[in-house]
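We're numbering straight along the sequence, starting at 1.
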Amino acid sequence: MDSIRLSTPDDSAALAAIWRASVRATHDFLSEQDFQDLDRLVSRDYLPATAVWVALDAAGRPQGFLGLSGAHVDALFIDPACRGQGIGRRLLAHAEALAGRLSVDVNEQNAAALGFYRHLGFHATGRSPRDDAGRPYPLLHLRQA
């Protein structure tokens, strides 16, 4: 990763592609219909209208992104081809430098994400039996120690 910058509307297609690839690699518990519904929300509503922090490689290509509301991480998605290179860790460090101690909600079934956040010192502060849209995907509420 070469740099981190705020997204522009021109980034939306590339970031949506990262979101799709990342979710396909880590969210095998989602039904196909739920994936399609979420894809529409992310690609049509969230990414075009929301400035997210984008990790770029040396050539300026997006490798991942992080959405932040105050000190809450709304989204953290890394291109699966770039996983394990420290991009997620650097995006979180950037967010922490901006906002202080962070919180995040993680799908309980996403073992990779849960392990990642726990490795970085996040601990569970609560659990919801359904996601924010009422789907049957429990969320763990995590906070940095």
| message | Quick one, H27 with F29, criterion ring-ring contact (aromatic ring centres under 6.0 Å, His included). Give me CA distance, side-chain angles, the key distance, then yes/no. | response | CA-CA 5 Å; H27 291 62; F29 52 88; 5.2 Å; yes

| task | Verify side chain to side chain contact (heavy atoms under 4.5 Å, CB included) between L76 and V104, making sure each step is shown before the conclusion. | result | CA-CA 9 Å; L76 177 58; V104 65; over 6 Å; no

| task | Please assess S103 against H141 for the test side-chain hydrogen bond (donor to acceptor under 3.5 Å, both in side chains), listing each intermediate value before the final yes or no. | result | CA-CA 7 Å; S103 63; H141 311 293; over 6 Å; no

| request: For side chain to side chain contact (heavy atoms under 4.5 Å, CB included), just list the numbers for D11 and F65, CA-CA rounded to whole Å, side-chain angles, deciding distance to a tenth of an Å, and then say yes or no. | output: CA-CA 10 Å; D11 293 319; F65 66 92; over 6 Å; no

| request: May I have the step-by-step check of side chain to side chain contact (heavy atoms under 4.5 Å, CB included) for S31 and Y137, ending in yes or no? | output: CA-CA 10 Å; S31 72; Y137 305 118; 3.8 Å; yes

| request: Just do the side chain to side chain contact (heavy atoms under 4.5 Å, CB included) check on R20 and S43 with the steps written out, would you? | output: CA-CA 9 Å; R20 288 182 196 105; S43 62; 3.6 Å; yes

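To the nearest 0.5 Å, the span separating CD on Q144 from CG on L92 amounts to 7.0 Å. We find the CD-CG distance between Q36 and L41 to be 11.5 Å, quoted to the nearest 0.5 Å. Rounding to the nearest 0.5 angstrom, the gap separating the CG atom in D39 from the CG atom in L30 is 11.0 Å.
Contact detail for L68 and D74: the closest heavy-atom pair is C-OD2, 3.7 Å. In plain terms, the two heavy atoms of A112 and R83 that are nearest each other are CB-NH2, 3.8 Å. Considering every non-hydrogen atom in both P62 and A14, the closest pair reads CG-CB, 4.2 Å. Taking every heavy atom of both residues into account, P80 and A21 meet most closely at CG-O, 3.4 Å. Summarising the geometry of G67 relative to Y46, their closest heavy-atom pair is CA-OH, 3.4 Å, with the distance given to 0.1 Å. Here the closest heavy-atom approach between residue N110 and residue V106 is recorded as O-CG1, 4.3 Å.
Taking the six-membered ring for Trp and thresholds of 30 and 60 degrees, F35 and W19 have nearly parallel ring planes, at less than 30 degrees apart.
Within 6.0 Å of atom CG in D132, 12 or fewer heavy atoms from other residues, nucleotides or ligands are found, so the atom counts as exposed in its surroundings. A 6.0 Å sphere centred on CZ of R89 holds no more than 12 heavy atoms belonging to other residues, nucleotides or ligands.
Ion pair R24/E32 flagged as a salt bridge, since at least one NZ, NE, NH1 or NH2 atom sits closer than 4.0 Å to an Asp/Glu carboxylate oxygen. The pair E96-R101 does not meet the salt-bridge criterion, since no charged nitrogen lies less than 4.0 angstrom from a carboxylate oxygen.
With Q63 as reference, D57 is the one residue of I18, L56, D2, D57 to meet the side-chain contact (heavy atoms from CB on, under 4.5 Å) rule. Screening L91, L66, L15 for a side-chain contact (heavy atoms from CB on, under 4.5 Å) with V54, the sole residue that qualifies is L15.
Of the possible donor and acceptor atoms, one in the side chain of R90 sits under 3.5 Å from a partner among the backbone N and O of Q85.
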